[in-house]
Amino acid sequence: MIVFSTAYTSPIILQENAPKAIILAAQDLQRDLRRLSGKKSGFDFSSTSEQGIQITTIPGDRPESYTVSVDESRVRITGTDVLGTVYGIYAFSQQCLGILPMHAFMDIFPDIQKSMELSPTTFSSNPRAVRFRGWFLNDEDLLSELKVGGKRNIDYPFYQAVMHEDVLAIVLEAALRLEINLIIPGSFIDIRNPDEEKLIQAVYDRGLYISQHHVEPVGVSYFGAENYLRQKHIDEVISFTSNRSRMEEIWRCYIQKWAKYGDQVVWQLGLRGKGDQAVWLADPTAPQDLEACGHIITDAIQTQHNLIRQILGHDQFYST
């Protein structure tokens, strides 16, 4: 099959109403092809062409799986679900076009070619050995300083700058090229700050699962809870042991905001103190007996689980 020549570029054939994650991956493929061919245009999207690069999702029993086949007139990229289709697009880019998954970070890209013709071939993904395969962008100073995307209000000497969503987009593309499926996009992500929610939205749009830092059970850190009280002009201590009803109110607020990201959320459940301390070091009202503290943490986890179940209306959600 001729992918491109001096006078021709293959169209990219998408199903109508394709999910955003597939459209974004197809746009990456379009960019790959333009860069590889040296063309500033071409490789246009179509839903009717009889030949070209066809991207299709056909539901199947194996999650996140794909098959890529090349014949005389068409490339067929077929996934069993959204992520399977996305992975298939990038697998074609790597195995047929020679584009490395980490090329953006390695600064390595194939030389421009005047034409490309592919021989017939078929290849498929292997069964997934691990259900969740993720990156946690922990202490992301270099990424947040590369291009500042906003500010966060946090009583901590670091993490003042929020990573720009354009920088995160490069990371998410690399993750998907490596067939990663879960991202924690920063050390502190407060969904009530629009600059920070942009990062959650970006992960969601890419079809990836999104989770929360272990100091942010149900998405709220001690610092987030402080901001919540400050914005409501409430002068109270943050404590599950001595101010339980207020803590549950804060958790409920954050769960309601995270719930709109639905099945793609992997909820963190737990109880930590300020600045990632153990709760018994940060909360003077917590018992110092470790067994008693264990019971408090168990109680917090059950309480959070119940709140999520109430707000989602079901208990078929992922959590750690």
Side-chain angles (χ1 to χ4, degrees), residues 1-16 18-57 66-79 82-125 142-143 146-147 164-180 202 205-208:
M1 176 200 162
I2 297 174
V3 179
F4 60 84
S5 65
T6 54
Y8 170 78
T9 61
S10 294
I12 299 173
I13 308 161
L14 286 175
Q15 292 175 298
E16 291 187 5
K20 187 170 185 178
I22 293 175
I23 293 172
L24 291 171
Q27 290 173 347
D28 291 338
L29 174 61
Q30 182 186 63
R31 188 188 68 233
D32 289 348
L33 288 164
R34 288 177 178 176
R35 185 175 176 186
L36 190 62
S37 64
K39 297 177 183 291
K40 297 186 182 299
S41 61
F43 308 100
D44 296 325
F45 294 111
S46 169
S47 61
T48 59
S49 178
E50 293 297 319
Q51 60 182 19
I53 302 169
Q54 182 182 52
I55 299 169
T56 308
T57 303
Y66 59 82
T67 296
V68 178
S69 63
V70 181
D71 59 26
E72 297 299 329
S73 64
R74 185 175 297 194
V75 175
R76 290 181 173 84
I77 302 170
T78 306
V82 171
L83 276 178
T85 306
V86 168
Y87 295 153
I89 292 169
Y90 292 123
F92 168 73
S93 185
Q94 179 181 2
Q95 298 194 39
C96 295
L97 306 183
I99 297 171
L100 297 174
M102 293 289 285
H103 74 87
F105 293 95
M106 299 166 67
D107 199 22
I108 295 175
F109 199 85
D111 294 333
I112 292 175
Q113 302 179 40
K114 292 183 178 180
S115 64
M116 174 175 282
E117 184 171 355
L118 300 177
S119 300
T121 186
T122 298
F123 57 90
S124 299
S125 57
L142 297 179
L143 294 174
L146 184 62
K147 184 179 182 181
H164 196 283
E165 58 266 31
D166 290 349
V167 177
L168 180 60
I170 300 170
V171 178
L172 299 182
E173 180 185 338
L176 288 165
R177 287 180 184 268
L178 291 167
E179 301 186 12
I180 279 169
D205 287 346
R206 280 290 192 163
L208 290 151

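The shown structure was predicted, so the numbers you read here are calculated from the model rather than taken from an experiment.
One N or O on the side chain of S10 and one on the backbone of I2 form a donor-acceptor pair closer than 3.5 Å. No donor-acceptor distance shorter than 3.5 angstrom exists from the side chain of S49 to the backbone of G52, with no hydrogens or angles considered. Put simply, the side chain of R177 never gets that close to the backbone of M102: no donor and acceptor are under 3.5 Å apart. Side chain of T9 to backbone of F43: a donor-acceptor contact under 3.5 angstrom is found.
Residues L176 and L83 have side chains in contact (heavy-atom distance under 4.5 Å, counting atoms from C-beta outward). The shortest side-chain heavy-atom distance between Q51 and E72 does not fall under the 4.5 Å cut-off. The side-chain heavy atoms of D28 and I89, taken from C-beta on, include no pair separated by under 4.5 Å. A 4.5 Å side-chain heavy-atom check between F45 and Q27 finds at least one atom pair inside the cut-off. Looking at V86 and I22, their side chains come closer than 4.5 Å, going by heavy atoms from C-beta outward.
Of all non-hydrogen atoms in Y8 and K39, the two that sit nearest each other are O-CE, 4.2 Å. Shortest non-hydrogen contact noted between L178 and P101 is CD2-CB, 3.6 Å. Across all non-hydrogen atoms, the minimal contact from T57 to Q15 is N-OE1, 3.0 Å. Smallest separation of non-hydrogen atoms from G84 and Y66: O-CB, 3.3 Å. In plain terms, the two heavy atoms of R206 and A25 that are nearest each other are NH1-N, 4.0 Å. Scanning all heavy atoms of the two residues, the minimum distance from P110 to L36 falls at CB-CD1, 3.6 Å.
For the atom pair I12 CD1 and I55 CD1, the distance stands at 6.0 Å (nearest 0.5 Å). One distance of note links CG of D32 with CD1 of I99; it measures 3.5 Å at 0.5 Å rounding. Here the CD1-CD distance, from I53 to Q30, works out to 10.0 Å after rounding to the nearest 0.5 Å. With values rounded to the nearest 0.5 angstrom, E16 atom CD is found 10.5 Å from L14 atom CG.
In summary, the side chains of S124 and T67 do present a donor paired with an acceptor at a separation below 3.5 Å, with no hydrogens or angles considered.
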